[in-house]
There are 2 protein chains.
Amino acid sequence: MEKLNNIHPGEVLKVEFLEPMGLTAYKLAKAIFIPQNRLSEIIHGKRSITVDTAIRFSKFFGTSPKFWLGLQMDYDLEEKKLEESPDIQEIKAFQE
Amino acid sequence: MEKLNNIHPGEVLKVEFLEPMGLTAYKLAKAIFIPQNRLSEIIHGKRSITVDTAIRFSKFFGTSPKFWLGLQMDYDLEEKKLEESPDIQEIKAFQE
DNA sequence: CAATTACTTATGTTTGACGTAAGTAAACTT
DNA sequence: AAGTTTACTTACGTCAAACATAAGTAATTG
């Protein structure tokens, strides 16, 4: 069961921010006052970006919180679509 | 401590969708196959719009799931800002 | 008046984000 | 070379919140 290209926010954090900026997860954790395991698990796709995390990232990187929460939202929606339950498919659009 | 105008997605659902469309929460719950209390609590601001709920709403109303999750995101960010913890305020933007 | 509509509240379960802490290892300091 | 700091991961217990089930009350409709 392949995870067809759905990209977790932790991957973006690592590849688009930490690596090009020459930062380690350890340094980032210190800078935004969160435990290291929170970052470690995000980077490995085992934990989601929450409002709290998004705000901390935004302060440090100068992005908007919505950027991070948007990535998470896209990821979650994609994941959900890969296992959409039968009853969801039976929902009929409202008429009139 | 006033909740200065932060509008919960449940309020939008009620005022912008259910009421103008002449729908009850009961009917919507049946139509999208969720328990009534899930809707009841959303409408009263006691529960959040999740990915599952957003997808169900989108199928029924013809909106995008992101519309609903975006409303929830905006609401959550606003709520968080009203009680931003001291350590968040001390985060320094990355330099160089 | 019985069934359906309509809504709320109580209860118990499960999931997932959380922090603490401990473990390993590499890279610097002294 | 020993010790500190950097760096990362994993284990564990807690807590909040979304979840379904179910039961309760009213009002409306057949």
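Throughout, a chain's letter reflects where its sequence line sits, starting with A, and its residues are numbered from 1.
- Salt-bridge formation is not detected for the pair A:Glu41/A:Lys46: no Lys NZ or Arg NE/NH1/NH2 atom is positioned less than 4.0 Å from an Asp or Glu carboxylate oxygen.
- Within the structure, every side-chain polar atom (N or O) of B:Thr50 is placed at least 4.0 Å from both OP1 and OP2 of D:dA18.
- Taking for each of A:Asn37 and B:Tyr26 the nucleotide of DNA chain C with the nearest heavy atom, the 5'-most of the two is the partner of B:Tyr26.
- For the pair A:Ile42 CD1 and D:dT9 C1', the computed distance is 15 Å after rounding to whole Å.
- Proximity of A:Ser40 to the phosphate of D:dC8: no side-chain N or O atom is located under 4.0 Å from OP1 or OP2.
- Rounded to whole Å, the distance from CG on A:Leu69 to P on C:dA17 is 13 Å.
- Remark: side-chain polar atoms of B:Ser40 are not paired, donor with acceptor, to backbone N or O of B:Asn37 under 3.5 angstrom.
- Across the helix from C:dC1-D:dG30 to C:dT30-D:dA1, the helix axis at one end is tilted relative to the axis at the other end by 10° (nearest 10 degrees, each axis from five pairs).
- B:Asp87 and B:Ser85 share a side-chain donor-acceptor pair at under 3.5 Å.
- Between A:Leu39 atom CG and D:dT6 atom P there is a gap of 16 Å when expressed in whole angstrom units.
- Regarding contacts with the backbone of D:dA17, every side-chain N or O of B:Arg47 stays at 4.0 angstrom or more from both OP1 and OP2.
- In summary, the aromatic rings of A:Phe61 and B:Phe94 are positioned with their centroids too far apart to meet the 6.0 Å limit.
- Under a 3.5 Å cut-off, the side chain of B:Lys92 and the backbone N or O of B:Glu90 do form a donor-acceptor pair.
- Rounded to whole Å, atom C1' of C:dG19 lies 12 Å from atom CG of A:Asp52.
- The distance between atom CD of B:Gln72 and atom P of D:dA17, rounded to the nearest whole Å, is 12 Å.
- Closest contact between the side chain of A:Ser48 and the listed nucleotides D:dC19, D:dC8, C:dA17 involves C:dA17.
- Listed nucleotides D:dA20, D:dC8, C:dC7 differ in distance to A:Thr24; the shortest reach to its side chain belongs to D:dC8.
- Contact check, B:Arg38 against D:dA20: a side-chain N or O comes under 4.0 Å of OP1 or OP2.
- Rounded to an integer number of Å, the gap from CD1 of A:Ile34 to C1' of D:dA7 is 14 Å.
- In this structure, the NZ atom of A:Lys80 is 11 Å from the C1' atom of D:dC19, given to the nearest Å.
- In this structure, A:His44 places its NE2 atom 13 Å from P of D:dA11, rounding to the nearest Å.
- Comment: B:Asp52 engages B:Arg56 in a salt bridge, judged by a side-chain N to carboxylate O separation of less than 4.0 angstrom.
- Of the candidates D:dT21, C:dT8, C:dC18, C:dT8 carries the atom nearest the B:Gln36 side chain, counting heavy atoms from C-beta on.
- Between the CG atom in B:Asn6 and the CD atom in B:Glu11 there is a gap of 11.5 Å [rounded to 0.5 Å].
- Ranking D:dC8, D:dT10, C:dT8 by closeness to the A:Glu41 side chain, first place goes to D:dT10.
- With distances taken from any side-chain atom of A:Lys27 to the nucleotides C:dC7, D:dT21, D:dA7, the minimum falls on D:dA7.
- Neither OP1 nor OP2 of C:dG16 sits under 4.0 Å from any side-chain N or O of A:Lys46.
- Counting only distance, with no hydrogens or angles, the side chain of B:Gln72 and the backbone of B:Ile49 share a donor-acceptor pair below 3.5 Å.
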